[in-house]
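Working notes for the structure below.
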Amino acid sequence: MFSPEFENTTADPNSIRTLNNILESINEKVAHPPQTSLTSDYGDAYTLSNEKHFSLSEMKGRTLKMVVPAIEPPYVNYVNFSDAAVTDKGYGPGVVMEILKEIGKRLNLTYEILPALGSTWGEYLNGSWTGAFGQLVRGEVDLLAGGAIMEYDRSVIADLTYPFQFEPTGIMIRSPEKYEDDTLLIVTEPFSWEVWVITAAVILISGVIFLVMTNIIRKVYEEMTVTPFESIWVFFSIFVQQGLPEQPRSWSCRVLVALWWLASITLSATFTGSLVALFAVDKTNVPFQNIDQLVRLVKQGKFEIVMDENSFTRTEMIARSKLPVYRDLWHEMIVNHKVKYVNGIARGVAFVRANPGYALLGPMATLNFYAYSDCKVILFNDGILPVYLSIPLVKNSIYSPYFSTKIREMVERGFTQKWIADYRSYVAMQKINECNSTTIGPKSYLDLKRAQGAFWVFLGGAGLGLALFVGEFIFKFFREKMTKHTKTTTVPPEVATVSANVAENSTSLDIPDEVLPSAPLPSEDGNWSLRRRNILNLSLDLSNIAN
């Protein structure tokens with residue numbers, strides 16, 4: 001797994017506190033925010049740039065003390081301002097370090113790096129600030145070299161420069177196992193169950209409409225005759241790309257069938273493309289898609305949250321939020337303790353990489369580089385809790401207006417995005433082949449294991465067709481048997497009531513003249529009466545009785 005060069009900037013390893021301490025301090029800070037009096041000239045540093053002016057001679061040639069709260073690429077990749085370090089490592093020191101490096105060249109500044117005390121960024125606890133912000137408040141350092149989240153509490157005790165980056169909070173989890181379906185279901189996988197249900201409903205409804213239309217139009221035009229089953233089968237045949245033995249004759253029926261042809265072509269093309277993709281690319285099913293689904297899984301005990309213990313701002317944002325989803329998440333964190341804190345983003349990534357069922361919340365840009373270089377973790381595209389990042393300086397610093405002006409120029413000219421893009425290019429070049437060596441890549445051919453679903457469908461269709469073939473003969477046999485039984489048990493009234501003597505008198509029977517023979521038939525041998533009986537009962541074959 002590729003990772004940038006991390007340096008230990010935390011001087012006191014015993015400063016790591018337990019989960020209960022972290023949650024209690026956050027809860028206390030949210031319930032009792034710091035009450036700091038505001039001076040008359042209070043405001044963000046970049047809003048004061050037009051009110052305070054300092055000559056360059058006052059700012060040049062000084063030494064500024066700074067603390068690096070954390071190594072968080074792409075904002076702080078390493079702590080070294082020399083050009084030789086860039087050549088040696090192959091990538092820049094990070095956006096914040098590039099900004100300080102550029103301003104240092106302009107003002108001929110020297111930076112003295114001091115170790116961070118306590119938790120890296122620090123927090124407001126028991127009436128005082130801890131960590132790096134505590135050092136800044138006490139005047140021990142002049143600035144904090146890192147991307148600090150801009151929030152009200154920090155802006156009161158420090159000068160926050162013009163924001164150099166707008167960044168949401170990312171959600172990272174361990175990459176799920178690849179989903180491979182080599183069974184019968186892979187044939188139905190290209191469409192969701194909703195599409196299959198709607199397709200079946202459309203076929204049935206169209207068949208009913210077609211049946212009604214043909215029965216009505218047949219009274220005016222010579223339209224085709226279909227049964228209810230044949231009507232539905234017409235649209236099913238079109239859906240599976242089969243031809244029709246007979247085409248409708250009316251315009252209305254032809255338009256109905258033609259439009260279903262177009263719809264079937266679209267569905268068929270989509271089905272084919274999706275099926276090819278399923279055979280060629282392994283599918284990954286993620287457990288959730290957004291923060292709402294994640295919180296639902298946290299409530300169910302299927303997921304827990306992982307966060308950096310050195311930065312409490314994102315935890316405070318969750319605790320202060322009034323949105324229902326974040327209130328539910330905070331309840332699970334503070335009451336049910338479904339959260340784990342780790343020392344640094346790098347350890348957080350390593351934790352979720354090794355343990356399924358955990359979601360890491362951290363800076364999106366930083367997590368993006370880990371996800372970009374490691375296939376074992378994935379980062380969701382949609383972020384939460386967006387924030388602005390700036391560089392904190394000591395309150396009322398003479399450098400605040402100048403820093404804000406130069407940072408704004410660098411942002412407008414695209415330098416900050418260029419430094420991020422350069423680091424991304426370096427990560428891409430250093431990406432190892434771990435993904436290719438641990439997972440199965442796309443196959444160049446379709447083997448029997450993956451294609452067996454199609455053969456199972458064929459065998460199932462062949463078996464069903466054979467069963468229907470036998471069933472049709474059985475049905476025909478019993479139908480003919482029932483028909484013969486009905487004929488033998490039912491005596492025609494004509495045969496039961498007509499006698500030979502009556503048959504000789506044609507006038508006593510109401511027989512049409514065209515049915516009677518045109519010439520007199522011999523009657524001495526008794527054939528006349530039998531022939532007359534055959535006329536009355538056409539269903540009996542008596543032609544051979546005379547012989």
Side-chain angles (χ1 to χ4, degrees), residues 179-280 283 285 289 446 450-483:
Y179 171 77
E180 294 185 6
D181 192 348
D182 300 324
T183 60
L184 173 64
L185 294 180
I186 198 171
V187 181
T188 61
E189 192 69 17
F191 289 161
S192 63
W193 67 269
E194 296 91 347
V195 177
W196 288 113
V197 170
I198 293 176
T199 302
V202 169
I203 292 176
L204 294 176
I205 295 175
S206 300
V208 173
I209 296 175
F210 187 76
L211 178 64
V212 174
M213 292 174 61
T214 53
N215 289 335
I216 296 177
I217 297 176
R218 191 165 57 250
K219 299 178 180 179
V220 181
Y221 301 102
E222 295 181 358
E223 185 54 89
M224 59 185 296
T225 301
V226 292
T227 63
F229 177 79
E230 293 173 343
S231 179
I232 297 176
W233 195 258
V234 166
F235 292 90
F236 177 77
S237 300
I238 296 175
F239 175 71
V240 295
Q241 304 299 305
Q242 293 181 355
L244 298 179
E246 183 180 0
Q247 299 294 334
R249 301 179 181 87
S250 62
W251 281 101
S252 56
C253 293
R254 288 186 176 183
V255 169
L256 179 63
V257 171
L259 292 180
W260 179 239
W261 268 108
L262 294 177
S264 299
I265 292 174
T266 304
L267 293 174
S268 177
T270 306
F271 181 89
T272 303
S274 300
L275 194 60
V276 170
L278 286 174
F279 283 131
K283 181 181 178 182
N285 288 336
Q289 300 290 341
L446 186 62
R450 296 169 63 85
Q452 62 174 318
F455 293 103
W456 284 118
V457 171
F458 171 74
L459 293 177
L464 180 61
L466 181 61
L468 294 176
F469 176 77
V470 176
E472 287 180 344
F473 276 94
I474 295 176
F475 175 77
K476 185 177 181 180
F477 172 77
F478 282 102
R479 185 176 180 180
E480 292 179 351
K481 187 174 181 181
M482 293 296 296
T483 303

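When all heavy atoms of E230 and V226 are compared, the closest pair comes out as OE1-CA, 3.4 Å. The two atoms that bring F235 and S206 nearest to each other are CE1-O, 3.3 Å, heavy atoms only. Minimum interatomic distance between L256 and M213 (heavy atoms only, all atoms of both residues): CD2-SD, 4.1 Å.
With hydrogens and angles ignored, the 3.5 Å screen pairs a side-chain donor or acceptor of T214 with a backbone N or O of L211.
Interatomic distance, SG of C253 versus CD1 of I216, reported as 10.0 Å (0.5 Å rounding). One distance of note links CH2 of W261 with OG1 of T266; it measures 12.5 Å at 0.5 Å rounding. Note that CG of L259 and OG of S264 are 10.5 Å apart. Values are rounded to the nearest 0.5 Å. Rounded to the nearest 0.5 angstrom, W196 CH2 and L267 CG are separated by 9.0 Å. A distance of 11.5 Å separates CH2 of W260 from CD1 of I209, quoted to the nearest 0.5 Å. Atom CH2 in W193 sits 8.5 Å away from atom CD1 in I198 (nearest 0.5 Å).
Using cut-offs of 30° and 60° on the angle between ring planes, the pair F236 and F239 is tilted.
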Show your reasoning for whether side-chain contact (heavy atoms from CB on, under 4.5 Å) applies to L204 and V208. CA-CA 6 Å; L204 294 176; V208 173; 5.7 Å; no
